[in-house]
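Keep in mind it's a predicted model, so treat the numbers as computed, not measured. Any value given below was found using the heavy atoms of this structure, including those in side chains, with hydrogens, waters and symmetry copies removed. We count residues from 1, following the sequence as given.
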Amino acid sequence: MTITRLDTRHPPILNFGVRAVVVFFAVLASATALARPRVEVAPFVVKGDSLSYFGPEVARAVTAALEGDGVETGPGAPDTISGHIEEVAGERVRLSATLRARTIIAEGPLEAIDAVATQLANKMAPFLLEDPAAQRLAEQRAREAERRAASVPPSRPAPK
């Protein structure tokens, strides 16, 4: 009977780069799994039938703008944004949203309702972000969205 011994003089050399990549992806996967949405955006309530189509569309635009500002959105979040759309004089709309007992309002032309929704979301983002630099950037984006909404000409001339 012959017993062979394994060669133990040279320990196995593991590639440090491979180990680092595996650890990186493990940490990334766990961080992604633990990330929870900060806010859920409910469809906006519309007064009257003429703007009923815009309720879910405005909610999608607000969600997209918040995600662009770095806010995680989705169902099951601890905070919910509930909003209203009102038609005001001269083909204009007023969007109002409530977040943490604060009501935020944005107003602009109906033709630029996406820019008005972006303006509203950018006004809300500083309340949801913890980083001061991200808050300042969101405030700057809100001013830019307000200028874009104001620069859209009306589709019909004002009545004389």
Visitor: For Ala42 and Ala59, which heavy atoms make the closest approach, and how far apart are they?
Guide: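 Closest approach of Ala42 to Ala59, heavy atoms only: O-CB, 3.6 Å.
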
Visitor: Quick check on side chain to side chain contact (heavy atoms under 4.5 Å, CB included): which of Val71, Thr80, Thr63 does Val39 satisfy it with?
Guide: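 Option passing the side chain to side chain contact (heavy atoms under 4.5 Å, CB included) with Val39: Val71.
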
Visitor: Once rounded to the nearest 0.5 Å, what's the spacing between atom CZ of Arg38 and atom CG of Leu129?
Guide: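 Rounded to the nearest 0.5 Å, the CZ-CG separation comes out at 7.0 Å.
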
Visitor: Enter the distance from Asp79:CG to Glu40:CD here, rounded to the nearest 0.5 Å.
Guide: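 Reported to 0.5 Å precision, the distance equals 10.5 Å.
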
Visitor: Any side-chain to backbone donor/acceptor pair from Arg100 onto Phe127? Under 3.5 Å, distance only.
Guide: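 Indeed, once roles are kept as given, a pair shorter than 3.5 Å links the two residues.
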
Visitor: Indicate the atoms forming the closest heavy-atom contact of Ala61 with Ala117, along with that distance.
Guide: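 Heavy atoms of Ala61 and Ala117 come nearest at CB-CB, 3.7 Å.
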
Visitor: Return the minimal non-hydrogen interatomic distance between Ile104 and Leu120, and the atom names on each side.
Guide: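 Shortest heavy-atom separation between Ile104 and Leu120 comes out as O-CD1, 3.4 Å.
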
Visitor: For the CG atom of Asp69 and the CE atom of Met124, what is their distance to the nearest 0.5 Å?
Guide: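 If we round to the nearest 0.5 Å, Asp69:CG and Met124:CE are 10.0 Å apart.
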
Visitor: Is there a path of hydrophobic side-chain contacts, each under 4.5 Å between heavy atoms, that joins Leu137 and Leu128?
Guide: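 No: no chain of side-chain contacts under 4.5 Å links Leu137 to Leu128.
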
Visitor: Against Ile85, only a single residue in Val46, Leu110, Val116 fulfils side chain to side chain contact (heavy atoms under 4.5 Å, CB included); can you say which?
Guide: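 Of Val46, Leu110, Val116, side chain to side chain contact (heavy atoms under 4.5 Å, CB included) with Ile85 is met by Val46 alone.
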
Visitor: Of all heavy-atom pairs between Thr103 and Ser96, which one has the smallest distance, and what is that distance?
Guide: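 Between these two residues, the closest heavy atoms are CG2-CB, 4.3 Å.
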
Visitor: Within this structure, what is the CD-CD distance for the pair Glu107 and Gln119, rounded to the nearest 0.5 Å?
Guide: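 It comes to 9.5 Å.
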
Visitor: Evaluate Ile81 against Leu66 for side chain to side chain contact (heavy atoms under 4.5 Å, CB included), listing each step before the verdict.
Guide: CA-CA 11 Å; Ile81 295 173; Leu66 285 173; 3.7 Å; yes

Visitor: Among the clusters formed by ILVMFWY side chains lying less than 4.5 Å apart, do Val45 and Tyr53 turn up in the same one?
Guide: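 Cluster IDs for Val45 and Tyr53 differ.
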
